[in-house]
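Before any comments, here is the structure.
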Protein chains: 2
Amino acid sequence: MAEAAQGAAPRTSGSVPRASGSSPRARVRDAERTRGELLAVAIDEFTRHGLAGARVDEIAARTRTTKRMIYYYFGSKEGLYTAALEEVYAGIRAYERSLDLTGLEPAAALRELAGSSFDYHVAHPELARLVGQENLMGAVYLHGSERQAHLNRPILAIITDLLERGRAAGVVRRPVSAIEVHLFISSWVLFQVVNVSTIRATFGYDMTDDAVRARHRELIGDALLDWLGGGG
Amino acid sequence: MAEAAQGAAPRTSGSVPRASGSSPRARVRDAERTRGELLAVAIDEFTRHGLAGARVDEIAARTRTTKRMIYYYFGSKEGLYTAALEEVYAGIRAYERSLDLTGLEPAAALRELAGSSFDYHVAHPELARLVGQENLMGAVYLHGSERQAHLNRPILAIITDLLERGRAAGVVRRPVSAIEVHLFISSWVLFQVVNVSTIRATFGYDMTDDAVRARHRELIGDALLDWLGGGG
DNA sequence: CCAGCAACGTACCAACCAGTGAGTTGCGGG
DNA sequence: CCCGCAACTCACTGGTTGGTACGTTGCTGG
């Protein structure tokens with residue numbers, strides 16, 4: 001539930017030889033697991049309450065360790081927050097790396113690009129929410145930990161390639177840059193996750209409904225293709 | 001700077017008869033002004049730090065009154081937050097009421113709808129940021145104060161009318177609902193305001209740049225028309 | 001087998017911070 | 001002119017919260 005977004009993260013050391021004989025209880029002292037558990041709960045608490053609103057005591061209480069361990073492993077509340085942020089960002093970068101659209105026709109590939117991004121964010125809402133928190137704070141923590149991260153964000157290269165192929169095939173005619181396409185998709189997709197509450201409060205419209213979700217997933221694909229196909 | 005979004009709010013009682021004779025100093029005790037000043041600073045602080053992160057002492061310090069007055073006028077920190085939220089929402093409702101697109105052709109009107117929404121949000125970023133805060137908290141405060149507010153949000157009626165006219169004129173062919181159009185525009189426009197920091201941090205792309213802003217303003221108009229004109 | 005260190009727990013603290021008790025002062029109505 | 005109340009000030013508090021001093025335990029390499 002409060003699981004961290006992960007592409008192929010190691011997780012709770014799975015193949016650790018357990019103490020010979022006695023109880024089947026794994027290990028009493030497992031640094032990997034303690035750290036991971038802390039991180040998972042932290043991600044959940046920080047997305048729910050923000051950096052200022054989250055309580056260190058509460059995070060610790062939801063773990064099978066103590067508050068002291070947070071300071072042992074992460075140094076401070078902010079250190080834990082930064083680690084949570086990095087964990088979540090690692091997840092989306094793994095997703096982006098795993099994207100392979102080379103087997104699809106340009107139009108289908110663009111549709112799939114939008115659709116799979118939609119799916120990823122719906123499946124991992126903690127990313128969008130943490131991004132929201134970061135933005136409201138001016139992204140100081142992200143700035144401190146992502147320094148040159150845009151160098152290895154593969155998404156722009158993928159989109160650039162798709163736009164080229166799309167132009168050759170005639171389905172892309174509008175002069176747009178890769179980042180504009182990325183922002184176009186991101187804005188819609190983040191909105192789906194982040195703005196659920198206010199949209200329900202102000203319009204009584206439930207964006208978590210399955211039918212609505214399915215329709216909104218189609219919508220971004222349609223809009224993307226129509227937009228790219230227009231102009232020129 | 002930290003001014004509240006307002007359509008035609010009264011503001012610092014302008015025509016109060018000043019104390020006969022003596023100094024030109026307005027009034028030492030002005031409930032209207034004190035309350036307004038508190039609200040304006042509160043909006044700024046809450047958008048910047050969130051409900052949990054904002055400090056009551058800090059808000060008071062930036063005013064020419066004391067903390068005690070916050071409790072005198074708003075009862076609690078949450079009361080102040082709710083008041084700030086209502087103030088900001090009153091602003092966008094006033095904007096929506098002031099929208100008059102009846103003189104424009106459907107296509108131009110749709111473009112104007114998106115463009116003016118873009119402009120409003122860029123000019124009043126505190127709305128988008130407070131909405132962001134609300135969403136991260138589950139919109140409990142909005143829920144408590146907007147109860148049946150969707151009844152008098154005129155935006156959906158405006159869009160419904162535009163879609164009908166657009167269909168008659170042949171520029172709208174895709175089967176969409178008014179709320180879908182609203183969300184389509186809102187997602188892009190909120191993104192412009194809210195995600196400035198993370199986009200800069202992860203892509204080194206400055207969404208506050210004038211040229212970028214102008215292009216993004218065009219973009220949503222293009223995308224909207226292409227999307228609505230497609231399908232069928 | 002045991003020394004030593006990583007991993008963990010307990011108890012505690014000082015600063016912070018939302019909220020308040022108890023007054024004082026200016027001003028408008030009579 | 002002055003009464004009464006709205007508007008305002010000041011000093012204070014107690015619960016909360018991030019952070020830590022210090023002691024303990026289990027694991028592992030030699």
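In what follows, chains are A, B, ... by sequence order, proteins preceding strands, each numbered from 1.
- Taking atom CG of residue B:Asp30 and atom C1' of nucleotide C:dT25, one finds them 16 Å apart after rounding to whole Å.
- Rounding to the nearest 0.5 angstrom, the gap separating the OG atom in B:Ser98 from the OH atom in B:Tyr120 is 9.0 Å.
- Using a 4.0 Å cut-off, some side-chain N or O of B:Tyr73 falls inside it from OP1 or OP2 of D:dC8.
- Identified under the salt bridge (charged side-chain N to carboxylate O under 4.0 Å, His left out) test for residues 71-80 of chain A, with sequence neighbours left out: none.
- Atom CG of B:Leu38 is separated from atom P of D:dA7 by 13 Å (rounded to the nearest Å).
- To the nearest angstrom, P of C:dG9 lies 12 Å from CD1 of A:Ile70.
- Counting only residues at least two apart or on different chains, the salt bridge (charged side-chain N to carboxylate O under 4.0 Å, His left out) pairs with a member in residues 178-191 of chain B are A:Arg215-B:Glu180.
- To the nearest angstrom, C1' of C:dG23 lies 12 Å from CE of B:Met69.
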Which atoms of nucleotides 15-20 of chain D (N or O only) lie under 3.5 Å from a protein N or O atom, and what are those distances?
unit_1	atom_1	unit_2	atom_2	d
D:dT17	OP1	A:Arg55	NE	2.9
D:dG18	OP1	A:Ala54	O	3.2
D:dG18	OP1	A:Arg55	NH1	3.0
D:dG18	OP1	A:Lys77	NZ	3.1
D:dG18	OP2	A:Val56	N	3.0
D:dG18	N7	A:Lys67	NZ	3.4
D:dG19	OP2	A:Tyr71	OH	3.1
D:dG19	OP2	A:Lys77	N	2.9
D:dG19	N7	A:Lys67	NZ	3.0
D:dG19	O6	A:Lys67	NZ	2.4

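- The shortest distance between the side-chain N/O atoms of A:Thr34 and the OP1/OP2 oxygens of C:dC8 is below 4.0 Å.
- Distance B:Phe74 CZ to C:dA18 P: 16 Å, rounded to the nearest Å.
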Under 3.5 Å donor-acceptor pairs involving side-chain atoms of residues 182-191 of chain A, not counting sequence neighbours:
unit_1	atom_1	unit_2	atom_2	d
A:His182	NE2	A:Ser186	OG	3.4
A:Ser186	OG	A:His182	O	3.0
A:Ser187	OG	A:Leu183	O	3.3
A:Ser187	OG	A:Phe184	O	3.0
A:Trp188	NE1	A:His216	O	3.1

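- Whole-Å rounding puts the B:Arg64 CZ to D:dT9 P distance at 11 Å.
- Within the structure, ring pair (Phe, Tyr, Trp, His ring centres under 6.0 Å) contacts touching residues 40-72 of chain A (residues at least two apart or in different chains) are A:Phe46-A:Tyr81.
- B:Leu38 approaches B:Leu80 most closely through the heavy-atom pair O-CD1, 4.5 Å.
- Each of A:Arg217, A:His124, A:Arg213 was scored for a side chain to side chain donor-acceptor pair (under 3.5 Å) with A:Asp119, with one residue passing: A:Arg217.
- Taking both residues in full, the closest heavy atoms of A:Ser117 and A:Tyr95 are given as N-OH, 3.1 Å, listed atom of the first, atom of the second, then distance.
- Nearest heavy-atom pair across B:Val193 and B:Ala128 is CG1-CB, 3.7 Å.
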Mind listing the N/O atom pairs, protein and nucleotides 1-6 of chain C, below 3.5 Å?
none

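- Remark: A:Thr66 is in phosphate contact with C:dG9, judged by side-chain N or O atoms under 4.0 Å from OP1 or OP2.
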